[in-house]
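Taking it in order: structure first as structure tokens, then the write-up.
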Amino acid sequence: MRPFAYERATSVEDALARHHDGAVYLGGGTNLVDLMRLGVEEPTRLVDVAHLPYDQIQLKPDGGLVIGATVSNSDLAADRTVREGHPVLTQAVLAGASGQIRNLATVGGNLLQRTRCSYFQDASKPCNKREPGSGCPAREGEHHNLAILGHSDACVATHPSDMAVALAALDASVQVQGHAGERYIPFEDFYRLPDDEPERDTTLAPGELVTAVEVPPLGMPSRYRKVRERASFAFALVSIAAALRVEDGAVQEVRLALGGVAHKPWRARRAEDVLRGAPATQGSFLRAAEAELEAAEPLRDNAYKVPLARNLIVRTLIELGEGT
């Protein structure tokens, strides 16, 4: 591991002032420290922001939430207001890691974790995300758990976060603080598809610090479901965050986001458009899933994700519809 300096920020202004010359913000460190040990990340300075006063979950009068960036994943999953008003978020966090990791990981760090593509994590291999222009060996190599939607010639990696999939379905926004001041980024705009710059995971400007996530009220049944290769804590082959409101047998409102299929949490807008106003039936759910997955471009060894995602969408919507 490359030598580095460690500094603890005392305020957001102090954190911003310290973020220069190869510095990286440190939250729980559950991903960053692993990448440093692998030689993938080599910061010259760690600016510890885990102790900044963003460790609260606030319930807004309309039922929405403001979740501080330093809230631990365990505290988020255990919070009563989250469990009652946004159960899909609780379920996603609990699906994401072991209890020990959830105790340490922060909300901000969870959003900013990097892909678990084996080529990205192996510093001896070429990887456009790690070393732009070096190539993407995953396209012809090991890619059975990589992207089928939104990928490019430069990168087929998938985003690993379960929590982020739920937040995508919830129309969340990310509050960030930078040298230019505070701004709010709609969640769908927070992450990038790889295009020809896969090294850029997000739309954050250099030095910007995530301080909170704002989540609107939901007001309808929701569910998170994750398919993985083993029942213990593993990254998703495909996952879904879904919310559905049915009135008089028809879909009045629906939210869908998929994980494990793209470089970012994939908001299933096509499927949502097909479903609004349609009968809440298996046939409608199937047509919506197929409409969304028409854009899929699977690689040699991951075409199984297309029927897996289709079946996951249909089954989850049926269960939500039966519960209304």
> Step by step, would you call S134 with N128 a side-chain contact (heavy atoms from CB on, under 4.5 Å)?
Replying inline: CA-CA 5 Å; S134 62; N128 286 324; 4.2 Å; yes

>> Taking side-chain contact (heavy atoms from CB on, under 4.5 Å) as the criterion, tell me which of V215, T81, I67 meets it with H86.
In response: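 That would be V215; it is the only one of V215, T81, I67 passing the side-chain contact (heavy atoms from CB on, under 4.5 Å) with H86.
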
>> Is there a salt bridge (Lys or Arg N to Asp or Glu O under 4.0 Å) between R269 and E188? Walk through the geometry before answering.
In response: CA-CA 11 Å; R269 295 288 188 183; E188 202 161 2; 2.6 Å; yes

Closer than 3.5 angstrom, by distance alone: can the side chain of [X] be matched with the main-chain N or O of [Y] as a donor-acceptor pair?
X	Y	answer
D14	T10	yes
T30	A105	no
K305	L237	yes
K60	L65	no
Q58	V66	no

Going by atom types alone, do [X] and [Y] pair a side-chain donor with an acceptor below 3.5 Å?
X	Y	answer
S74	N103	yes
Y6	D48	yes
Q177	E208	no
N110	S161	yes
E214	S173	no
H263	R192	no

Contact between [X] and [Y] at the side-chain level, heavy atoms closer than 4.5 Å - yes or no?
X	Y	answer
T44	F4	no
R183	I185	yes
E131	P126	no
L258	V165	no
V210	Q175	no
L218	R255	yes
E140	R300	yes
L76	V82	yes

Applying a strict under-4.5 Å side-chain criterion to I, L, V, M, F, W and Y, I'd like to know whether [X] and [Y] cluster together.
X	Y	answer
V254	I318	yes
V238	M163	no
F235	L111	no
L275	L312	yes
W266	F285	yes

>> One pair to check against side-chain contact (heavy atoms from CB on, under 4.5 Å): R114 and K129. What are the steps and the verdict?
In response: CA-CA 10 Å; R114 309 207 69 189; K129 179 175 282 295; 3.6 Å; yes

Which value, rounded to the nearest 0.5 Å, describes the distance between [X] atom [atom1] and [Y] atom [atom2]?
X	Y	atom1	atom2	result
D79	I57	CG	CD1	4.0 Å
I240	N311	CD1	CG	11.0 Å
T106	L112	OG1	CG	8.5 Å
L89	D162	CG	CG	11.0 Å
L104	S72	CG	OG	9.0 Å
N31	T115	CG	OG1	9.5 Å

Looking at [Y] and [X], is any side-chain nitrogen of the basic one under 4.0 Å from a carboxylate oxygen of the acidic one?
X	Y	answer
R200	E197	yes
E7	R18	yes
R225	E319	yes
R245	E247	yes
R45	D21	no
D34	R116	no

Over all atoms of both residues, closest heavy-atom pair of [X] and [Y]:
X	Y	value
C117	L146	SG-CD1, 4.1 Å
A242	L256	CB-CD2, 3.6 Å
A166	A241	CA-CB, 3.7 Å
V24	P43	CG2-CB, 3.5 Å
S152	R139	O-NH1, 2.9 Å
G27	A50	O-CB, 3.7 Å

> Could you go step by step and tell me if R276 and E253 meet the salt bridge (Lys or Arg N to Asp or Glu O under 4.0 Å) rule?
Replying inline: CA-CA 6 Å; R276 289 190 182 95; E253 185 54 70; 3.1 Å; yes

> Parallel under 30°, tilted from 30 to 60°, perpendicular over 60°: which one fits the rings of F187 and F190?
Replying inline: parallel

Within a radius of less than 6.0 Å around [atom1] of [X], do more than 12 heavy atoms belonging to other residues, nucleotides or ligands occur?
X	atom1	answer
E182	CD	yes
R2	CZ	yes
D62	CG	yes

> Cluster partners of Y54, using ILVMFWY side-chain heavy atoms under 4.5 angstrom, listed by chain and number?
Replying inline: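 Result for Y54 is V12, L16, Y25, V47, V49, L52, L209.
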
> How would you list all residue pairs meeting ring-ring contact (aromatic ring centres under 6.0 Å, His included) that involve residues 111-154, not counting sequence neighbours?
Replying inline: none

>> Could you walk me through whether T70 and V107 satisfy the side-chain contact (heavy atoms from CB on, under 4.5 Å) test, starting with their C-alpha distance in whole Å, then the side-chain angles of each, then the deciding distance to 0.1 Å, before giving a yes or no?
In response: CA-CA 6 Å; T70 63; V107 167; over 6 Å; no

>> Between R102 and L94, does the side-chain contact (heavy atoms from CB on, under 4.5 Å) criterion hold? Intermediate values first, please.
In response: CA-CA 8 Å; R102 290 198 303 270; L94 291 175; 3.8 Å; yes

>> What verdict does the salt bridge (Lys or Arg N to Asp or Glu O under 4.0 Å) test give for D171 and R267, after you've listed the backbone C-alpha separation in whole Å, the side-chain angles of each residue and the deciding distance to 0.1 Å?
In response: CA-CA 10 Å; D171 286 333; R267 185 67 183 266; 2.5 Å; yes

